[in-house]
Amino acid sequence: MSEVINIKKGLDIRLQGKAENIIGHAELPELFAIKPTDFHGVTPKLMVREGDQVKAGSVLFFDKYRPEIKFVSPVSGTVSAIIRGERRKVLEVVVKRDDANAFVEFPTADPGSLSRQEVIGRLLEAGAWPLIRQRPYDVIANANDNPKAIFISAFESAPLAPDCDFVVNGQEKYLQAGIEVMKKLCNNVHVGINADAASKPYLALKGVQMHKFDGPHPAGNVGVQISKISPINKGETVWVTQPQDLIIMGRLFLDGVYDSTKNILLAGSEVVKPAYYRTRIGACITPLVASNVKEGTIRYISGNVLTGKQITADGYLGYYHNQITVIPEGDYFEFMGWAAPGLGKYSVSRSFFSWLCSKTNYRMDANLHGGHRAIVVSGQYDKVLPMDILPEYLIKAIMAEDIDKMEQLGIYEVVEEDLALCEFVCTSKINIQEIVRNGINLMMKEMN
């Protein structure tokens with residue numbers, strides 16, 4: 001075990017609606033959807049039509065430019081809808097679940113007994129390869145690459161984030177099998193754990209390098225952990241995955257099925273009884289929120305409040321998301337709100353007296369509380385970003401589309417979630433995460 005890595009820069013946002021470590025009861029939803037928009041750089045090529053019968057593990061679509069990367073159904077049933085957007089862009093492939101719960105069967109094997117190419121082949125064939133992403137760019141990993149390391153963050157530090165110890169409880173066998181899969185892909189496997197948590201399921205893992213982290217969010221971001229252990233340089237690649245995704249891969253090899261069951265957290269100030277629920281990737285959230293949210297104008301978020309995506313009450317869980325957050329919409333105008341003492345308002349910059357109440361949990365909404373302004377180099381981003389880059393200058397280089405400057409300022413080290421706190425504290429109300437993704441897309445286009 002290495003020494004504790006202390007993260008000093010950052011910010012813990014205390015929100016109301018934290019869940020206890022209990023599993024709530026909810027029926028498995030009728031509808032599930034796999035959304036191509038959840039995957040950066042993927043152009044979907046459909047393998048099904050409306051009305052087709054599928055099993056859990058049946059291929060729904062593949063990437064047009066990397067046809068070996070397949071995306072499969074999380075349940076058995078009927079393809080009920082293929083939702084398209086502008087220029088017939090595929091937005092969702094919706095499957096209506098049946099009661100058969102049938103799975104496509106794959107050969108079982110101890111991943112430790114297989115070769116690297118056999119492991120890769122089985123992950124690709126079963127549609128589990130999209131669970132592995134690469135840095136830089138945060139895209140699905142290239143199976144032909146040899147990464148210098150694989151990183152797994154075994155804790156989340158975002159607001160109302162799920163307890164990563166709790167969600168893997170009882171699944172240790174599959175978790176270790178997932179680690180064996182990672183070891184076949186790369187000998188250098190790193191796991192980051194919370195120095196203040198018990199982390200028993202992860203401390204028992206064999207064949208990994210364990211690292212303890214202490215400090216505020218974004219200490220749980222895998223990008224921050226990479227920057228402290230093995231920073232990414234130009235031409236280097238690392239792969240990342242999540243603990244519950246390791247369990248899915250473990251089930252594939254030990255049980256021979258693509259079972260995407262996860263423990264998903266439902267939390268937020270507008271949730272009556274925050275709790276965890278067992279469901280699958282792409283689940284419709286309606287059964288979870290139908291009678292479990294307060295009245296009013298509500299915002300539903302797949303993911304956390306900093307990096308998640310807004311969905312509707314009948315929307316679907318994102319492919320890589322492990323929580324659903326419900327907060328007030330905040331669709332109101334507050335006249336002269338900045339001039340009030342703000343005793344009940346959250347304040348980062350100590351603009352309001354509420355900063356004196358450091359232990360208060362806040363009922364925060366999605367209101368911007370101001371309009372967009374020109375970007376000003378004030379040093380506010382540096383206070384919440386514990387990475388060795390200059391965020392203001394990087395953002396300006398991206399906006400200017402200056403490729404050389406973007407490389408020099410660390411574009412290879414960051415993805416959207418790493419600068420989410422910068423967006424939160426930004427007094428200019430700039431969509432920093434969108435700018436970062438535009439910069440990454442530009443780099444991908446230029447490099448390829």
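Under the 4.5 Å side-chain criterion, counting only non-hydrogen atoms from C-beta, L11 is not in contact with P216. A heavy-atom distance below 4.5 Å is found between the side chains of L160 and T325. A 4.5 Å side-chain heavy-atom check between I432 and E416 finds every atom pair outside the cut-off. Taking the side chain as every heavy atom from C-beta outward, N146 and C186 never approach each other to under 4.5 Å. Two residues are said to be in side-chain contact when any heavy atoms from C-beta on lie closer than 4.5 Å; I389 and V414 meet this criterion. The closest side-chain heavy-atom distance from L185 to V119 is below 4.5 Å. Two residues are said to be in side-chain contact when any heavy atoms from C-beta on lie closer than 4.5 Å; V191 and Q209 fail this criterion. Side-chain contact between I5 and D214 is absent, with no heavy-atom pair separated by less than 4.5 Å.
Annotation: K148, atom NZ; neighbour count of heavy atoms from other residues, nucleotides and ligands within 6.0 Å is above 12. Other residues, nucleotides and ligands place no more than 12 heavy atoms under 6.0 Å from the OH atom of Y393.
Partners of F71 under the ring pair (Phe, Tyr, Trp, His ring centres under 6.0 Å) rule, at least two apart in sequence or in another chain, are F39, F61. Scanning for side chain to side chain contact (heavy atoms under 4.5 Å, CB included) contacts around Q134 gives Y137, V139, A141, N142, D145, T237, W239, with sequence neighbours left out. Residues that satisfy the side-chain hydrogen bond (donor to acceptor under 3.5 Å, both in side chains) test with R84, not counting sequence neighbours, are absent from this structure. Judged as a salt bridge (Lys or Arg N to Asp or Glu O under 4.0 Å), and not counting sequence neighbours, K9 has no contacts. A143 is linked by a side chain to side chain contact (heavy atoms under 4.5 Å, CB included) to I120, L124, W129, counting only residues two or more places apart in sequence or in another chain. Applying the ring pair (Phe, Tyr, Trp, His ring centres under 6.0 Å) rule to H190 yields the partners F151, H211; only residues at least two apart in sequence or on another chain are considered.
In this structure, R133 satisfies the cation-pi test against Y320, with its NZ or CZ atom closer than 6.0 Å to the six-membered ring centre and inside 45 degrees of the ring normal.
Applying the side-chain hydrogen bond (donor to acceptor under 3.5 Å, both in side chains) definition to pairs two or more places apart or across chains, those involving residues 152-167 are N21-D163, S153-Q225, S157-H217. Screening residues 258-278 for ring-ring contact (aromatic ring centres under 6.0 Å, His included), with sequence neighbours left out, gives F166-Y276. Note on residues 311-330: pairs passing salt bridge (Lys or Arg N to Asp or Glu O under 4.0 Å), not counting sequence neighbours, are R299-E329. For residues 57-68, no residue pair satisfies the side-chain hydrogen bond (donor to acceptor under 3.5 Å, both in side chains) rule, not counting sequence neighbours. Within the structure, side-chain hydrogen bond (donor to acceptor under 3.5 Å, both in side chains) pairs that include any residue of residues 399-413 comprise K234-E407, E407-Y412 (at least two apart or interchain). For residues 268-278, the pairs satisfying salt bridge (Lys or Arg N to Asp or Glu O under 4.0 Å) are E270-R363, with sequence neighbours left out.
The closest donor-acceptor contact from the side chain of N304 to the backbone of T307 lies under 3.5 Å. Using a distance-only test at 3.5 Å, with no hydrogens or angles considered, no donor-acceptor pair links the side chain of D365 to the main chain of G330. Listed for the K212 side chain is no donor-acceptor partner under 3.5 Å among the backbone atoms of D196.
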Please assess Q244 against N263 for the test side-chain hydrogen bond (donor to acceptor under 3.5 Å, both in side chains), listing each intermediate value before the final yes or no.
CA-CA 8 Å; Q244 293 203 79; N263 288 321; 4.7 Å; no
